[in-house]
*Asks:* 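Following this message is one structure expressed as structure tokens.
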Number of protein chains: 4
Amino acid sequence: MSEHQDEKVIGEYPYVPKQQRAQAKRQALLESGRLLFIEQGYEQTNAKEIAAHAGVATGTFYRYFVDKRQLMMSLMNEQLDRLLPPIHDWTTNNPESYLAIRLEEHYKQLDQLNLNLLLPELLVKDSQLAELFEEIRSKMLRRIISNLRSAKKQGLVWDDLNVETVAWSILLLSEQIPEAMIQGRKKEDFQHLAKVICRLVFPPEKLEQLKTNK
Amino acid sequence: MSEHQDEKVIGEYPYVPKQQRAQAKRQALLESGRLLFIEQGYEQTNAKEIAAHAGVATGTFYRYFVDKRQLMMSLMNEQLDRLLPPIHDWTTNNPESYLAIRLEEHYKQLDQLNLNLLLPELLVKDSQLAELFEEIRSKMLRRIISNLRSAKKQGLVWDDLNVETVAWSILLLSEQIPEAMIQGRKKEDFQHLAKVICRLVFPPEKLEQLKTNK
Amino acid sequence: MSEHQDEKVIGEYPYVPKQQRAQAKRQALLESGRLLFIEQGYEQTNAKEIAAHAGVATGTFYRYFVDKRQLMMSLMNEQLDRLLPPIHDWTTNNPESYLAIRLEEHYKQLDQLNLNLLLPELLVKDSQLAELFEEIRSKMLRRIISNLRSAKKQGLVWDDLNVETVAWSILLLSEQIPEAMIQGRKKEDFQHLAKVICRLVFPPEKLEQLKTNK
Amino acid sequence: MSEHQDEKVIGEYPYVPKQQRAQAKRQALLESGRLLFIEQGYEQTNAKEIAAHAGVATGTFYRYFVDKRQLMMSLMNEQLDRLLPPIHDWTTNNPESYLAIRLEEHYKQLDQLNLNLLLPELLVKDSQLAELFEEIRSKMLRRIISNLRSAKKQGLVWDDLNVETVAWSILLLSEQIPEAMIQGRKKEDFQHLAKVICRLVFPPEKLEQLKTNK
DNA sequence: CATGAATGAGCCTTCATTCAT
DNA sequence: AATGAATGAAGGCTCATTCAT
């Protein structure tokens with residue numbers, strides 16, 4: 001996500017460095033911020049610490065970021081839409097394996113940055129972030145809903161499927177990669193989860209049909 | 001939950017008042033704390049504010065609570081196990097209606113106190129609370145798992161049911177009463193959710209069987 | 001020392017009880033104050049503690065004393081002149097044994113109340129007390145000086161005796177009963193000290209003469 | 001006395017500045033602390049006041065000192081052994097003039113810093129400081145005692161000299177430079193005091209002998 | 001009179017941010 | 001640009017004193 005996005009959320013940077021050195025410094029600050037936020041929590045981390053961890057002076061922090069919040073926002077902006085599962089157009093072909101792959105990818109992204117651990121704290125604190133996140137979530141939900149609706153029209157799903165509830169369930173199950181998995185991290189786990197989600201949507205025979213079509 | 005529970009988490013109160021007047025004051029502080037924590041977040045609320053909101057002086061706060069954290073812990077202690085859904089012994093009789101009723105009850109409890117909104121922030125900050133919560137959650141999960149296992153032995157569930165994954169899904173779906181419902185609050189919503197959970201577990205014909213048995 | 005004295009230093013009491021019960025309560029507060037002041041220091045002791053130690057409520061403290069300071073002053077007033085050694089008219093008869101007896105008496109008084117341990121802290125804090133104490137000390141010093149002068153006239157003392165310096169030394173040595181003694185508390189210690197003081201004043205032959213006169 | 005000494009008493013400094021500017025600031029804080037402690041007493045002085053007096057912000061105080069106590073300890077550490085009189089090896093040569101010189105020096109040191117005025121209050125409050133001070137005092141006393149003993153062996157002192165009592169008296173007389181002198185400050189005063197101390201130890205003829213030997 | 005809960009001023013301390021070098 | 005010392009507002013907490021019961 002570009003600087004343009006940043007501006008949408010957080011306004012102008014005090015200084016967006018062009019030179020390689022400075023860019024590296026900015027990145028170091030972002031990374032230090034991410035690590036310390038995750039380790040200690042957002043509120044428990046202060047600018048001085050972040051600067052020290054990044055190997056720069058306190059003042060330098062403020063050359064690159066307006067304040068701690070902006071650094072956090074920059075982190076989030078880059079990743080906010082990655083925090084939600086990338087589920088769309090999955091009701092065709094082999095939904096189970098498709099989902100399993102997407103969920104695993106998603107998990108790997110989460111695992112890389114771990115920003116999802118920060119989100120709960122931040123959403124309470126920062127209504128702007130909360131709104132933005134909610135917006136993205138809504139979009140995602142609407143996408144799942146429209147997906148389910150078209151599958152319903154095609155008669156692929158359970159007769160009595162309540163689209164909204166199931167869509168919600170899917171979003172929930174897939175965005176919070178069950179912590180159980182965080183320990184195991186086995187491929188099968190994602191397949192199990194994919195199967196669970198598919199069961200919510202497709203009767204066994206329809207699912208079988210979709211699988212063999214492929 | 002009794003004072004005894006409190007001790008488990010936070011040790012002795014500086015003063016647990018015996019007189020009615022004082023008890024009322026303590027309750028007012030708890031309630032003010034709850035409201036402000038939910039409204040502004042835990043970290044954004046300070047003892048002075050809570051005291052002012054409860055209509056007492058700052059020093060009075062410290063007569064009843066060691067600090068902000070203890071007030072929060074007192075709130076949580078009373079409610080911690082209510083934050084999790086009360087799901088057990090539901091695989092007999094009519095699971096759908098049973099679940100729907102339990103979920104609605106659970107939702108009403110959550111809605112009353114809204115402490116669940118605080119939990120994410122606090123779990124990051126307070127490892128003691130996090131442990132306690134995780135313990136309760138584990139117990140709940142194990143209960144769901146054993147429930148599923150016995151249903152499986154009786155041949156009531158899907159043949160290919162992965163107990164752990166489904167148990168996790170059930171816990172997740174029922175503990176986070178979908179925010180969507182928080183707006184609507186219709187009875188049907190809980191029935192829809194109950195149906196979704198039942199679908200994860202029972203094949204249609206078995207479910208029908210369980211319903212008519214009753 | 002009477003209440004009249006108290007007024008000189010600290011003004012009216014909020015309430016001087018006539019009844020026996022109340023008098024006992026006042027005494028209990030004084031005694032608790034004394035004990036706690038000595039044990040923890042004046043500044044480290046608060047009114048609530050004193051009241052609790054005396055077995056009365058916090059508010060009751062303020063019925064009998066304007067504040068902590070007044071309680072302390074009452075203690076001191078009763079004892080201030082006892083904190084200084086009672087040395088006068090000792091240059092006749094057998095000065096050594098006379099002094100030894102007086103010093104021992106003085107030590108016993110100090111040991112009873114131990115208010116002397118408080119004095120250093122209080123003299124820094126309370127200029128009124130400091131003045132009062134200094135006044136008493138001056139009086140005592142002048143008494144010793146005049147005593148020495150008359151002894152000098154009678155040719156009893158060292159030829160080159162500097163009255164002021166010796167008077168000061170005597171006051172110092174006798175008011176601060178050497179801490180060494182506080183441990184041992186032997187009778188001889190006081191005799192040793194008496195001998196030391198006498199040596200400052202009398203040449204051996206004159207001292208011998210005074211002794212045998214008796 | 002070095003930083004090493006400080007550590008003995010109070011552990012590491014939060015920050016011992018290297019730059020000259022910062023060192024000057026630290027000195028200003030120490031000096032302000034000293035002045036205000038002496039003027040108002042230790043307990044009556046707070047960090048904000050010290051900072052304001054030194055012309056810095058409150059927060060700056062905490063950059064250089066952990067708290068008020070540490071500042072005080074730094075002051076004391078530098079001076080603790082100067083608070084006691086430097087009396088040793090004085091029983092040879094001309095004890096009177098030697099002592100007079102040493103006492104005058106000692107007085108000048110005391111007068112410069114006036115930390116001795118703080119000591120009584122602090123010894124009550126700070127048991128660590130009290131121990132340290134007592135240790136130094138013991139050492140001093142033992143030194144005086146051994147000095148007296150060797151003089152006794154040489155037959156220089158009064159026949160009936162009680163070493164302990166006299167040593168105590170000497171320490172007392174010399175550490176508390178009589179306040180009387182604080183007013184006058186005449187050279188003779190120190191000579192008078194020296195004479196008094198010598199009289200405690202030496203018979204006139206032996207003293208004369210020691211004087212003429214030189 | 002006694003009680004002890006309540007008060008709130010004031011101290012200690014932290015830390016986000018500024019700014020002189 | 002970078003530095004890191006300095007700032008001072010703000011929160012945490014205590015305790016001398018008051019006052020309703």
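Naming: A, B, ... by sequence-line order, numbering from 1 per chain.
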*Asks:* Any heavy-atom pair between the side chains of D:Phe133 and D:Leu122 that's under 4.5 Å?
*Replies:*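 Not in contact.
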
*Asks:* What is the distance from atom CE of C:Met73 to atom NZ of C:Lys68, rounded to the nearest 0.5 Å?
*Replies:*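 The distance works out to 13.0 Å.
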
*Asks:* Compare every heavy atom of C:Tyr64 with every heavy atom of C:Leu29, then report the nearest pair and how far apart it is.
*Replies:*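 Heavy atoms of C:Leu29 and C:Tyr64 come nearest at CD1-CD1, 3.8 Å.
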
*Asks:* List in chain and number order the residues that pass ring-ring contact (aromatic ring centres under 6.0 Å, His included) with C:Tyr42, two or more places apart in sequence or in another chain; answer none if no residue qualifies.
*Replies:*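 C:Phe37.
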
*Asks:* Working to the nearest 0.5 Å, report the span between CZ of D:Arg34 and CE of D:Met76.
*Replies:*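 With rounding to 0.5 Å, CZ (D:Arg34) is 10.5 Å from CE (D:Met76).
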
*Asks:* Rounding to a whole Å, what distance do you find between A:Leu71:CG and E:dT17:C1'?
*Replies:*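 Between C1' of E:dT17 and CG of A:Leu71: 15 Å.
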
*Asks:* Please set out all donor-acceptor pairs under 3.5 angstrom arising from side-chain atoms of residues 51-60 of chain A, sequence neighbours excluded.
*Replies:*
from: A:His53; atom 1: ND1; to: A:Ser32; atom 2: OG; distance (Å): 2.8

*Asks:* Check DNA chain E against residues 50-57 of chain B and give the residues with a non-hydrogen atom under 4.0 Å, in numerical order.
*Replies:*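 Correct list: B:Val56, B:Ala57.
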
*Asks:* Mark up nucleotides 11-16 of chain E, 5' to 3', with B wherever a protein heavy atom is under 4.0 angstrom from a base atom, S wherever such an atom reaches only the sugar-phosphate, and - elsewhere.
*Replies:* SSBBSS

*Asks:* Using only atom types and a distance under 3.5 Å, with no angle test, would you say the side chain of A:Asn116 pairs donor to acceptor with the backbone of A:Leu119?
*Replies:*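 It does not hold such a pair.
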
*Asks:* Whole-Å distance between E:dA6 P and B:Arg26 CZ?
*Replies:*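 Spelled out: CZ on B:Arg26 to P on E:dA6 is 13 Å.
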
*Asks:* Taking the side chain as C-beta and beyond, is there a heavy-atom pair between C:Val66 and C:Leu71 under 4.5 Å?
*Replies:*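 The answer is no; the side chains never approach within 4.5 Å.
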
*Asks:* For the residue pair C:Arg26 and C:Phe65, establish whether any side-chain heavy-atom pair is separated by less than 4.5 Å.
*Replies:*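 The answer is yes; the side chains approach within 4.5 Å.
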
*Asks:* Find the distance A:Leu29:CG to F:dT3:P and express it as a whole number of Å.
*Replies:*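 One finds 10 Å between P of F:dT3 and CG of A:Leu29, rounded.
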
*Asks:* Among residues at least two apart in sequence or on other chains, which ones pass side-chain hydrogen bond (donor to acceptor under 3.5 Å, both in side chains) with D:Thr45?
*Replies:*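 Per chain and number, D:Thr45 pairs via side-chain hydrogen bond (donor to acceptor under 3.5 Å, both in side chains) with D:Gln40.
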
*Asks:* Nearest whole angstrom, please: distance from the P of F:dA2 to the CZ of A:Phe65.
*Replies:*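 Result: 13 Å.
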
*Asks:* Considering just the side-chain nitrogens and oxygens of B:Tyr64, establish if one lies under 4.0 Å of OP1 or OP2 belonging to E:dA6.
*Replies:*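 Yes, such a contact exists.
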
*Asks:* Rounded to the nearest angstrom, tell me the gap between atom CD in C:Gln70 and atom C1' in F:dA16.
*Replies:*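 For the pair C:Gln70 CD and F:dA16 C1', the rounded distance is 15 Å.
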
*Asks:* Anything below 3.5 Å on both distances counts as a pair; with that, list the stems of at least three consecutive Watson-Crick or G-U pairs involving DNA chain E.
*Replies:*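 DNA chain E stems, ordered by first number: E:2-21 with F:2-21.
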
*Asks:* Tell me whether A:Gln27 contacts the main-chain N or O of A:Gln23 through its side chain, where contact means a donor paired with an acceptor under 3.5 Å.
*Replies:*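 Side chain of A:Gln27 to backbone of A:Gln23, a donor-acceptor pair under 3.5 Å: no, none is there.
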
